[in-house]
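Right, one structure below, let's go through it.
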Amino acid sequence: MQTLIVSLVQGATRWHDSEANRAYYGDLVRRAPASDLFVLPETFLSGFTNETLGNAESMDGPGVAWARALAQEVNATITGSVVIREGETNFNRMLWVSPDGALSYYDKRHLFRMANEHHRYGGGDKRLVVELKGWRILPQVCYDLRFPVWLRNGRREEAEGGMDYDLAIFVANWPAPRRQPWRTLLRARAIENLSYVIGVNRVGVDGNDLPYAGDSAVIDPVGEPLVELGSLEQVVTVKIDPAPLLAHRERFPAWMDADEFTLR
């Protein structure tokens with residue numbers, strides 16, 4: 001594992017305007033320092049919407065093509081979620097786009113029923129673990145943060161040293177009235193899974209008049225923030241050192257006492 005340079009792109013997503021968001025987020029990324037990874041918010045091309053008919057794109061559409069071109073241009077991995085339609089089903093899909101053009105994705109499993117997301121989207125059933133500079137990274141989307149069983153580290157038998165990921169990334173449209181659970185759960189997931197956690201939330205007000213407070217952060221394995229962004233549009237670049245993580249796992253191997261379970 002090498003030091004990982006990550007830029008948290010905390011933006012005010014334009015409502016239902018993919019073209020404007022491509023220009024907006026592209027500008028934020030291009031003006032940021034050189035990084036290994038740029039993390040954009042959930043549904044960064046549209047905002048968090050149930051109006052999928054006019055906002056969903058295909059995997060061959062302009063949004064994915066833009067992400068691939070941007071990753072190549074800045075020579076970094078780009079991640080964030082977009083609304084994707086496959087057949088008759090829409091997915092809140094978190095893209096993982098490498099500068100060499102390779103693309104992986106994770107479909108949000110837990111759909112936010114309080115906003116009827118479960119009526120408009122299909123849920124995923126597979127976790128994705130990707131690798132970057134020796135780090136094993138678990139991409140997740142917003143409401144997934146509330147479900148520790150799904151996120152439990154060390155579930156796979158082949159997990160190295162009891163762990164199957166070193167960093168979990170949550171992209172979100174998490175409204176300001178619930179900012180305290182967001183901040184608390186990021187810390188809880190880091191502590192219980194002996195991993196770093198990154199959360200990137202949007203700011204501003206969306207087309208449903210919901211305000212967003214940002215509070216994007218990088219949390220270390222003992223729950224301490226390396227950086228917290230507050231509520232303004234900004235891009236913050238952080239170097240994440242693997243040494244504290246490896247040392248903490250060595251001296252505090254709580255995973256060895258974890259309960260076994262089967263996820264259905």
Side-chain angles (χ1 to χ4, degrees), residues 2-14 17-48 55-84 91-108 124 128-142 144 165-173 196-203 214 216-218 229 233-240:
Q2 304 173 52
T3 296
L4 190 65
I5 304 174
V6 183
S7 285
L8 283 59
V9 185
Q10 181 171 278
T13 303
R14 281 46 176 160
D17 194 335
S18 178
E19 182 177 1
N21 283 311
R22 294 195 301 269
Y24 170 64
Y25 279 109
D27 183 58
L28 290 178
V29 167
R30 291 183 184 98
R31 290 193 284 113
S35 301
D36 301 309
L37 173 65
F38 288 90
V39 185
L40 281 58
E42 179 187 22
T43 56
F44 64 84
L45 291 179
S46 60
F48 183 69
N55 291 286
E57 299 185 12
S58 73
M59 292 296 283
D60 295 325
V64 173
W66 168 86
R68 277 187 154 136
L70 183 62
Q72 183 178 34
E73 178 186 341
V74 299
N75 192 31
T77 298
I78 305 288
T79 192
S81 90
V82 297
V83 183
I84 292 290
F91 295 95
N92 189 338
R93 178 165 290 176
M94 188 167 176
L95 306 175
W96 186 267
V97 186
S98 301
D100 63 1
L103 186 152
S104 302
Y105 62 83
Y106 161 74
D107 290 331
K108 184 179 183 180
L128 172 71
V129 176
V130 292
E131 292 197 11
L132 181 61
K133 297 188 74 174
W135 292 74
R136 295 162 299 168
I137 301 173
L138 180 76
Q140 295 285 296
V141 181
C142 201
D144 288 325
Y165 65 86
D166 309 301
L167 166 64
I169 298 177
F170 297 89
V171 298
N173 278 226
Y196 282 98
V197 164
I198 291 175
V200 173
N201 191 24
R202 64 158 293 174
V203 294
S216 301
V218 179
L229 271 59
E233 172 198 291
Q234 57 186 305
V235 180
V236 172
T237 302
V238 183
K239 292 183 178 180
I240 306 178

Show your working on salt bridge (charged side-chain N to carboxylate O under 4.0 Å, His left out) between Lys108 and Glu42 and close with a plain yes or no.
CA-CA 10 Å; Lys108 184 179 183 180; Glu42 179 187 22; 3.1 Å; yes
Atom pair CG/CD1 of Leu4 and Ile240 - distance to nearest 0.5 Å
5.5 Å
Close side-chain approach of Leu28 to Gln234, heavy-atom, < 4.5 Å
no
Can you tell me if Gln72 has over 12 outside heavy atoms packed within less than 6.0 Å of its CD?
no
Any chance you could measure Ser98, atom OG, to Leu132, atom CG, to the nearest 0.5 Å?
7.5 Å
Could you tell me whether the side chain of Thr43 reaches within less than 4.5 Å of the side chain of Val82, counting heavy atoms only?
no
Expected output: side-chain Asp144 to main-chain Val141 donor-acceptor under 3.5 Å
yes
To check you understand the geometry: which heavy-atom pair defines the closest contact between Pro33 and Thr237, and what is its length?
CD-OG1, 3.4 Å
Hey, what's the ring geometry for Phe44 with Tyr25, parallel, tilted or perpendicular (30° and 60° as the breaks)?
perpendicular
Smallest heavy-atom separation, Leu128 atom then Pro139 atom, equals O-CD, 2.9 Å
Return the minimal non-hydrogen interatomic distance between Ser35 and Ser7, and the atom names on each side.
OG-OG, 2.6 Å
With no hydrogens and no angle check, is any side-chain donor or acceptor of Ser216 less than 3.5 Å from a backbone partner on Gln10?
no
Does some side-chain heavy atom of Leu167 sit less than 4.5 Å from a side-chain heavy atom of Val197?
no
Dump the intermediate steps for side chain to side chain contact (heavy atoms under 4.5 Å, CB included) on Ile78 and Leu95, then the final yes or no.
CA-CA 8 Å; Ile78 305 288; Leu95 306 175; over 6 Å; no
Mind running side chain to side chain donor-acceptor pair (under 3.5 Å) on Tyr24 and Glu233 for me, showing each step along the way?
CA-CA 11 Å; Tyr24 170 64; Glu233 172 198 291; 2.7 Å; yes
Compare all side-chain heavy atoms of Val74 with those of Val29 and state whether any distance is below 4.5 angstrom.
yes
Cationic N near anionic O, under 4.0 Å, Glu73 to Arg30
yes
Is Thr77 close to Trp96 at the side-chain level, that is, under 4.5 Å between some pair of heavy atoms?
yes
Closest non-hydrogen atom pair between Val64 and Ser58, with its separation:
CG2-O, 4.2 Å
Could you walk me through whether Val6 and Val218 pass the side chain to side chain contact (heavy atoms under 4.5 Å, CB included) check?
CA-CA 9 Å; Val6 183; Val218 179; 6.0 Å; no
The test is side chain to side chain contact (heavy atoms under 4.5 Å, CB included); show your working for Val83 and Arg93 and say whether it passes.
CA-CA 6 Å; Val83 183; Arg93 178 165 290 176; over 6 Å; no
Would you please test Leu37 and Thr79 for side chain to side chain contact (heavy atoms under 4.5 Å, CB included) and show each step?
CA-CA 8 Å; Leu37 173 65; Thr79 192; 4.0 Å; yes
Donor-acceptor check, side chain of Asp166 to backbone of Arg136, threshold 3.5 angstrom: yes or no?
yes
Within-4.5 Å side-chain heavy-atom neighbours: Val171 and Val39
yes
Rounded at 0.5 Å granularity, tell me how far CH2 in Trp135 sits from CG in Asp36.
11.0 Å
Nearest 0.5 Å, please: how far is OG1 in Thr13 from CG in Leu45?
8.5 Å
Measuring from Ser81:OG to Tyr105:OH, what's the distance to the nearest 0.5 Å?
14.0 Å
Can you give me the closest heavy-atom contact between Cys142 and Ala172, atom names plus distance?
SG-CB, 3.7 Å
Side-chain donor or acceptor of Arg68 paired with backbone N/O of Gly101 under 3.5 Å:
yes
Main-chain N/O of Ile84 paired to Glu57 side chain as donor or acceptor, under 3.5 Å:
no
To the nearest 0.5 Å, tell me how far Asn201 CG sits from Leu229 CG.
10.5 Å
